[in-house]
Structures are given as structure tokens and as C-alpha cells.
Protein chains: 2
Amino acid sequence: MFSLLNMSSAIDPGDLTARATIRNAALRLFAERGPDAVTVREIATQAGVSPALVLHHFGSKDGLRAEVDAFAAHAFDAILEAMPTEELAELLTGGSTRGSLAEAFARGFPPGSPLPAYLRRLLLTNDPAGAALFGRWYAATRRLLDMLVEMGVARPSEDPDVRAAFFLVNDLALIVLRNQIAVAIGADPLTPAGMDRWAREAGIVYAEGAFRAPQKE
Amino acid sequence: MFSLLNMSSAIDPGDLTARATIRNAALRLFAERGPDAVTVREIATQAGVSPALVLHHFGSKDGLRAEVDAFAAHAFDAILEAMPTEELAELLTGGSTRGSLAEAFARGFPPGSPLPAYLRRLLLTNDPAGAALFGRWYAATRRLLDMLVEMGVARPSEDPDVRAAFFLVNDLALIVLRNQIAVAIGADPLTPAGMDRWAREAGIVYAEGAFRAPQKE
DNA sequence: CAGTAGACTAAACACGTGATCAGTCAACCG
DNA sequence: CGGTTGACTGATCACGTGTTTAGTCTACTG
């Protein structure tokens with residue numbers, strides 16, 4: 001008897017290993033609901049395999065979690081590595097859209113990708129990996145801002161640490177409050193359309209301010 | 001024999017009912033780790049009662065959760081109610097600090113209060129209560145911004161929906177990314193000291209912008 | 001002083017969880 | 001061909017969970 005189910009390449013459309021299929025299913029579920037709220041049985045069902053196979057491949061649920069973490073971190077670094085030069089170029093050419101992390105993500109990931117949601121979880125839990133990621137992005141923002149000041153493009157600040165954090169978290173707010181923003185403005189801010197509206201307003205405020213200065217000037 | 005443990009008023013310093021003690025313990029634990037990650041036994045231990053008493057008073061864990069939700073929502077509304085006039089007054093008198101939700105919270109809640117963390121969780125989960133809260137705050141922000149434009153204090157925007165959302169989520173970012181911000185700038189942004197630094201930078205950017213406008217003007 | 005109501009607890013129950021185990025099957029190697 | 005390796009599964013385990021039950025003790029009521 002010829003068993004289709006045991007041909008690992010036939011488990012899922014796309015010729016993926018069973019391992020990869022399980023990892024992808026876990027990534028998607030972890031991103032949406034968090035690892036603690038997802039059961040091994042659920043992952044197995046979604047991947048079309050038995051629960052025991054999940055632990056056969058990854059040792060334990062925590063092992064799977066670690067592997068998914070590493071996979072996601074790798075994907076994020078790939079995005080981040082391709083960004084700063086591109087972002088800088090856009091900024092210096094005075095392009096219409098301001099360089100931003102959220103924007104880079106919207107461009108770098110396919111529309112249905114679970115990675116933005118995964119990133120969100122990483123930043124919001126007390127995960128050390130999330131803290132490390134935030135730290136690297138903060139340092140990059142800080143450096144970029146210093147560079148822009150030196151170039152005369154950005155005005156200097158008395159408290160550059162806070163200003164860099166201000167810009168970074170305003171940007172990340174798009175990712176972490178995505179759903180709330182979507183219902184408020186009637187458009188997903190991580191799609192190109194929503195992103196355009198957002199970038200235009202942010203760009204204006206960052207360039208000109210939003211209030212008529214009451215006492216200064 | 002005289003039993004101290006059964007005198008409800010002696011269970012906890014502060015003359016609280018056992019019910020209130022349990023509710024407070026649950027609020028604190030829910031805020032820190034989320035309701036799903038907290039066990040009934042844990043709440044009971046922290047409150048100094050038996051696990052069965054928790055369910056005796058609240059029917060079920062979900063019942064307790066609902067009661068804690070209602071309690072927190074009530075506290076938030078109280079803060080929100082006292083804010084807009086005060087905020088408006090500060091704004092119109094040209095006070096040093098810009099009116100903001102995060103600021104109002106830092107002023108309105110004692111330093112160790114679990115309510116900011118609870119609010120954070122409410123906004124970040126897909127909880128309908130959180131969506132409702134965000135919706136009300138968004139409407140208030142939108143109205144305030146319109147009013148300021150009408151008064152000539154704020155510059156009009158082509159996309160006021162997005163601009164209001166932009167201001168609101170920048171503000172809420174202080175609450176949802178509090179920990180990451182704290183390690184980045186070296187100060188908890190929800191304490192008066194950290195809040196001052198943050199408000200100063202935000203105020204400057206919102207008033208004057210941060211970049212030298214490249215093409216406009 | 002009975003007697004009832006309610007705060008409170010110890011013990012146990014039903015169930016879903018992550019994990020283990022023994023075993024089947026296909027592929028590969030000598 | 002015989003034998004070993006490894007992907008894969010069904011059955012089962014130990015355990016923590018929310019909840020229930022039976023019962024104790026105190027305070028109040030007539």
C-alpha cells in the first residue's frame with residue numbers, strides 16, 4: 001500500500017518539510033494568540049500532523065518556541081539590514097514618504113504575513129529578545145537623528161535621547177496599536193493606502209509642527 | 001476559641017472586605033501577567049484566602065474577571081472625566097506641560113498602582129472594552145483638536161481623522177511601551193521626572209517640528 | 001436559646017495540558 | 001536480501017487547572 005501521508009513533501013502544498021510546516025503553523029498561531037494560549041495539539045492539527053510529531057521534531061514546546069523565535073529574529077534582521085541605506089536615501093532625496101520602521105515592514109512582508117503580529121508580541125512582552133530588538137532599533141534611530149542634525153536636515157534637541165525614543169515609539173505605535181488605529185481611521189495603517197495617509201500627516205507635523213507656537217518666536 | 005482569620009475585617013491591613021481583597025489581588029495579578037496566565041489558587045494565596053472562597057464570591061474565574069474589568073473601567077472614567085477641562089485650561093494658559101492622557105494618568109494614579117498596566121492590557125488585547133475605551137478617547141481627541149483649530153491654536157489638517165489618531169497613539173505609546181522606553185532613556189516615563197522630559201520634547205516637536213522643511217515654505 | 005444564613009475551607013472531581021512510550025512504516029545501506 | 005535509521009502515530013501518563021461538594025464556624029434573628 002502506498003501511503004501519501006508519509007511522504008513528507010506531500011503534507012502541505014508548497015513542498016515543505018513537515019518540520020517547516022509545523023514551524024510555520026506555530027509561527028502563525030503564536031503571533032496571533034501568543035505561545036501560552038496555543039496548544040501543541042492545535043499546532044499539530046493546523047500542520048496536518050500528529051501532536052507527537054511536533055515534540056519528536058522540536059523536543060518540547062519550548063524548543064519549538066525557541067526555534068520560531070530564532071526564525072522570526074532572522075527575518076527581522078534581514079529587513080532591518082536592507083532598510084537604513086534605503087531610508088536614508090529617501091530622506092535625503094526629499095522623497096514623499098518619511099523613512100520609518102513600520103513602513104519598511106509593510107513593504108518587506110507580504111500582506112498576510114504573521115511576522116508583524118509576531119514582532120508586536122515580541123515588543124510587548126518582557127521577552128529579552130524583544131528588549132534586544134528594541135535596543136538595536138533605538139540605537140539606530142539615535143544615530144540616524146544625530147546624522148541628520150549634523151547634516152542640517154534636523155533641528156538639534158536639548159534631550160536627544162528622549163527625542164530619538166519619541167520618534168521610535170511613535171513609529172512602533174503603528175504596529176502595536178494597529179487594530180485600534182484601523183477602526184479609528186477606517187483603514188489598516190500597515191497597508192500601502194493607510195500607510196500613505198499616516199506618513200503624510202506624520203511628515204507634516206514633524207516638519208512644521210501642529211500648533212502655532214504660543215510663546216516662542 | 002476566638003478566630004482572627006474569620007473576621008473579614010482583619011484579613012488584610014486596611015480593613016478591607018475579603019471580597020475587595022480578592023478583587024485587588026486579582027487586579028494586580030491580571031494587570032501584570034494577564035488573566036489567562038494567573039490561576040485562581042495564585043489569587044487566593046496572594047489575598048490570604050482559600051481558592052474556594054474566590055469562586056464562592058465571584059461565581060467563576062470569568063465572573064471575577066468581569067468584576068475586575070468593571071472596577072477598572074470605573075476608575076478610568078473617573079480620571080477621564082476630571083481631565084478635559086483641566087487639560088484645556090493648561091493648554092489655553094500656555095502652561096509648560098502639554099495636556100496628555102498619559103500625563104493625566106501619571107497624576108491621577110498613585111505610583112505603584114496596577115491600573116496603568118491594566119489599561120495597557122485592555123488596549124492591547126482585542127477586548128471589546130478596550131476598543132470602546134479607545135473609541136471614546138479617540139472621539140475626545142478628535143473634538144479637542146477641532147476646537148483648537150477653531151480657536152486658531154492648532155493648524156488645520158487635510159486629514160483630521162489621521163491627525164487625531166496620530167496624537168492619540170503617540171500618547172498611548174507611553175503607556176504600552178513604558179518598559180522599553182524606560183531602559184532606553186534611563187527613566188520611567190510615567191513618573192513625574194520622566195514625564196517632564198518627555199512632555200518637553202513632544203511639546204517642542206508638536207509646536208515647531210523637528211526637521212527643517214525641505215520643500216515647503 | 002434554638003435555628004438559620006452566610007463566610008470560609010479541605011478534599012476531591014473532571015478535564016485539558018505537555019510529554020512519553022511502544023510500535024509501524026518507508027527509505028536507505030551493507 | 002537483512003538490518004538499521006528515522007519520520008510518524010495512537011495510546012497513555014502525570015500534572016495543573018477551574019470547579020464542585022460537603023462540611024465547619026461565626027454572626028445574626030426570632
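Here is how names work: the chains are called A, B, and so on, in the same order as the sequence lines, proteins then strands, and each is numbered from 1. Quick caveat, the model's predicted, so the values are computed rather than measured. Computation of the quantities below employed the complete heavy-atom set of this structure, encompassing side-chain atoms and omitting hydrogens, waters and symmetry-equivalent molecules.
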In whole Å, what is the span from the [atom1] atom of [X] to the [atom2] atom of [N]?
X       : N      : atom1 : atom2 : value
A:Phe58 : D:dA7  : CZ    : P     : 11 Å
A:Ile43 : D:dC8  : CD1   : C1'   : 17 Å
B:Leu29 : D:dG18 : CG    : C1'   : 16 Å
A:Leu53 : C:dA19 : CG    : C1'   : 14 Å
A:Glu42 : C:dT17 : CD    : C1'   : 12 Å
A:Arg19 : D:dA7  : CZ    : P     : 9 Å

For B:Asp188, salt bridge (charged side-chain N to carboxylate O under 4.0 Å, His left out) partners two or more places apart: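 By the salt bridge (charged side-chain N to carboxylate O under 4.0 Å, His left out) rule, B:Asp188 matches B:Arg178.
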So what does A:Ser50 hit on the nucleic acid, given a heavy-atom distance under 4.0 Å: a base, only sugar-phosphate, or nothing?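 Touches a base.
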Counting the atoms with a prime plus P, OP1 and OP2 as sugar-phosphate, which does A:Val54 contact under 4.0 Å by heavy atoms, base, sugar-phosphate, or nothing?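 No contact.
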Could you tell me if A:Arg23 sits above the aromatic ring of A:Phe71, with its cationic atom closer than 6.0 Å to the ring centre and no more than 45 degrees from the axis?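 Yes - A:Arg23 lies over the ring of A:Phe71, closer than 6.0 Å to its centre and within 45° of its axis.
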Within 45° of the six-membered ring axis of A:Phe76 and under 6.0 Å from that ring's centre, is NZ or CZ of A:Arg136 located there?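 Relative to the ring axis of A:Phe76, which defines the angle, A:Arg136 lies outside at least one limit.
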So, is B:His56 close to the C:dC8 phosphate, meaning a side-chain N or O under 4.0 Å from OP1 or OP2?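 For C:dC8, OP1/OP2 do not have a side-chain N/O of B:His56 under 4.0 Å.
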Could you label the plane-to-plane angle of the B:Tyr206 and B:Phe167 rings as parallel, tilted or perpendicular, counting under 30° as parallel and over 60° as perpendicular?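 Taking B:Phe167 first and then B:Tyr206, their aromatic rings stand perpendicular (interplane angle over 60°).
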Should B:Asp196 and B:Arg200 count as an ion pair when the cut-off is N to O under 4.0 Å?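 Salt bridge absent between B:Asp196 and B:Arg200.
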Please determine if B:Glu42 and B:Arg33 form a salt bridge, counting it only when a charged side-chain N lies under 4.0 Å from a carboxylate O.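 Here B:Glu42 pairs with B:Arg33 in a salt bridge, since their nearest N and O are under 4.0 Å apart.
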Report each atom pair, protein N/O against N/O of nucleotides 19-24 of chain D, whose distance is under 3.5 angstrom.
unit_1	atom_1	unit_2	atom_2	d
D:dT19	OP2	B:Lys61	N	2.7

